[in-house]
Amino acid sequence: MTRTALVTGGTRGIGAAISVALRDAGYKVAANYAGNDEAAQKFKAETGVAVYKWSVADYDACVEGIRKVEADLGPIGVLVNNAGITRDAMFHRMTREQWREVIDTNLSGLFNMTHPVWSGMRDRKFGRIVNISSINGQKGQAGQANYSAAKAGDLGFTKALAQEGARAGITVNAICPGYIATDMVMAVAEDVRAKIVAQIPVGRLGEAAEIARCVVFLASDEAGFITGSTLTANGGQYLA
Ligand code: CAA
């Protein structure tokens with residue numbers, strides 16, 4: 001049976017690599033995105049993956065978007081909560097807006113996306129939820145009180161939901177990528193980034209495909225005994 005996978009933030013960065021890896025593993029894939037139409041259309045043309053636009057920060061938009069994906073591609077068996085944003089600032093300069101935007105997308109986005117698919121997964125007795133957290137949800141990062149709080153919250157969400165889903169055949173796991181060579185990391189000032197790379201024992205940034213391979217594994221039937229776990233992929237930078 002061909003399963004349907006929905007990847008939020010699935011047209012760029014780590015999400016794009018996840019969408020492609022799941023497509024290559026035989027899933028019907030829907031890649032959600034929030035804003036960058038040009039990148040999404042380019043991604044669709046290059047990969048053939050269907051793209052859908054809505055913001056994961058908007059619950060009603062998630063319900064509507066998921067309804068459309070399911071009408072087009074069938075019930076969602078795999079949900080990858082990957083969409084995330086940064087609004088980095090030292091805390092004494094952080095605005096309420098910077099706090100709110102990051103919490104709404106990176107933490108509430110998981111509620112908004114998972115809640116509408118949960119009942120269907122319970123009814124079908126199968127589901128795979130993979131939440132993309134971050135090394136900075138594990139260790140904290142100066143300049144990211146908002147992001148670190150949201151990403152740590154994602155881990156609590158994962159562990160609670162894993163317990164609820166287990167009897168219904170739903171696994172819920174998190175991946176904590178370290179610093180991966182994406183636009184988000186490249187947006188960090190070059191001198192700051194050089195200092196970060198110096199802290200990574202393998203001596204380089206990670207590749208998006210290295211995170212995508214973790215997702216494909218956690219989504220597979222063979223990973224059915226793994227739930228509530230946090231898979232760390234950070235080049236040895238932080239050993240949680
Ligand atoms: N620890 C403690 N203090 C620090 C610090 C640190 N790591 N870094 C900077 N500071 C201090 C500075 O010493 C300075 O103090 P004084 O004012 O007393 O001199 C103060 O904070 C301001 O520092 P900056 O001049 O650097 O401030 P800025 O406003 O120019 O930049 C920043 C702030 C944008 C947060 C910048 O420091 C930055 O980009 N830091 C990196 C944050 C980061 O790692 N983001 C990850 C993005 S990628 C991602 O999030 C993906 C993922 O999951 C890994």
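This chain uses plain numbering: 1 for the first residue, then up along the sequence. We count ligands from 1, going down the list as the structure has it; atoms in each ligand are counted the same way. On a predicted model such as this, the values are computed, not experimentally measured, just so you know.
- Within a 4.0 Å radius of atom 22 (C) of ligand 1, the protein contributes at least one heavy atom.
- Under the 4.5 Å side-chain heavy-atom criterion for ILVMFWY residues, no single connected hydrophobic cluster contains both I135 and I180.
- Atom 14 (C) of ligand 1 lies below 4.0 Å from none of the non-hydrogen atoms of the protein.
- Looking at atom 35 (C) of ligand 1, its nearest protein heavy atom turns out to be G143 CA, 3.5 Å.
- Among all non-hydrogen protein atoms, the one lying nearest atom 43 (C) of ligand 1 is D88 OD2, 3.6 Å.
- In this structure, the side chain of N234 does not engage the main chain of P177 through any donor-acceptor pair within 3.5 Å.
- Here the heavy atom of the protein found nearest to atom 27 (O) of ligand 1 is R93 NH2, 3.6 Å.
- For K53, the NZ atom counts as densely surrounded, since its 6.0 Å shell holds more than 12 non-hydrogen atoms of other residues, nucleotides or ligands.
- Side chain of S148 to backbone of Q141: a donor-acceptor contact under 3.5 angstrom is found.
- Contact annotation for K151 and ligand 1: no heavy atom of the residue comes within less than 4.0 Å of the ligand.
- The shortest N or O to N or O distance between T86 and ligand 1 is not below 3.5 Å.
- The closest protein non-hydrogen atom to atom 5 (C) of ligand 1 is A142 CB, 4.0 Å.
- Grouping the Ile, Leu, Val, Met, Phe, Trp and Tyr side chains by contacts below 4.5 angstrom, directly or via other members, places M113 apart from V80.
- Hydrophobic clustering (side-chain heavy atoms under 4.5 Å, transitive across Ile, Leu, Val, Met, Phe, Trp, Tyr) keeps V188 apart from Y147.
- Of the protein's heavy atoms, none falls inside 4.0 Å of atom 32 (C) of ligand 1.
- The shortest contact between atom 39 (O) of ligand 1 and any protein heavy atom is with V188 CG1, 4.1 Å.
- Here's the thing with Q144: one of its N/O atoms is less than 3.5 angstrom from an N/O atom of ligand 1.
- Listed by number with element, the atoms of ligand 1 under 4.0 angstrom from any heavy atom of N136 are 54 (C).
- Close approach to S134 involves these atoms of ligand 1, each under 4.0 Å from a residue heavy atom: 52 (C), 53 (O), 54 (C).
- Ligand 1 is never approached by T182 to a heavy-atom distance shorter than 4.0 Å.
- Counting heavy atoms from C-beta outward, I132 and V215 have side chains that approach closer than 4.5 Å.
- At a 4.0 Å heavy-atom cut-off, ligand 1 does not touch I180 at all.
- S133 places no side-chain N or O within donor-acceptor distance of the main-chain N or O of D154, the cut-off being under 3.5 Å.
- Annotation: H92 places no N or O atom under 3.5 Å from an N or O atom of ligand 1; distance criterion only.
- Ranking protein heavy atoms by distance to atom 44 (O) of ligand 1, first place goes to Y179 OH, 2.8 Å.
- Under a 3.5 Å cut-off, the side chain of N146 and the backbone N or O of R87 do form a donor-acceptor pair.
- Distance check for atom 17 (O) of ligand 1: every protein heavy atom is found at 4.0 Å or beyond.
- Against a heavy-atom cut-off of under 4.0 Å, V185 is close to the following atoms of ligand 1: 48 (S).
- Without hydrogens or angle criteria, N32 side chain to G9 main chain gives a donor-acceptor distance under 3.5 Å.
- For ligand 1, the atoms closer than 4.0 angstrom to any heavy atom of Q141 are 43 (C), 44 (O).
- A single hydrophobic cluster is seen to contain both V29 and I18, as judged by linkage of ILVMFWY side chains at heavy-atom distances under 4.5 Å, directly or through other members.
- There is no path of hydrophobic side-chain contacts, each under 4.5 Å, that joins V49 to I76.
- For atom 25 (O) of ligand 1, no protein heavy-atom neighbour is found at a distance under 4.0 Å.
- Close approach of ligand 1 to M184 is summarised as follows: ligand atoms under 4.0 Å from at least one heavy atom of the residue are 49 (C), 51 (C).
- Annotation for R23: atom CZ counts as buried by contact number, over 12 foreign heavy atoms lying within 6.0 Å.
- Less than 4.0 angstrom separates some heavy atom of I196 from each of these atoms of ligand 1: 44 (O).
- For atom 8 (N) of ligand 1, the closest heavy atom belonging to the protein is M90 CE, 4.4 Å.
- Side-chain atoms of N131 do not come within 3.5 Å of backbone N or O of A174 as any donor-acceptor pair.
- Within a 4.0 Å radius of atom 50 (O) of ligand 1, the protein contributes one or more non-hydrogen atoms.
- There is a protein heavy atom closer than 4.0 angstrom to atom 53 (O) of ligand 1.
- Scanning the protein heavy atoms around atom 40 (N) of ligand 1, the nearest turns out to be V192 CG1, 3.8 Å.
- T227 places a side-chain N or O within 3.5 Å of a backbone atom of V172 that can act as its donor or acceptor partner.
- Taking the side chain as every heavy atom from C-beta outward, N36 and T11 never approach each other to under 4.5 Å.
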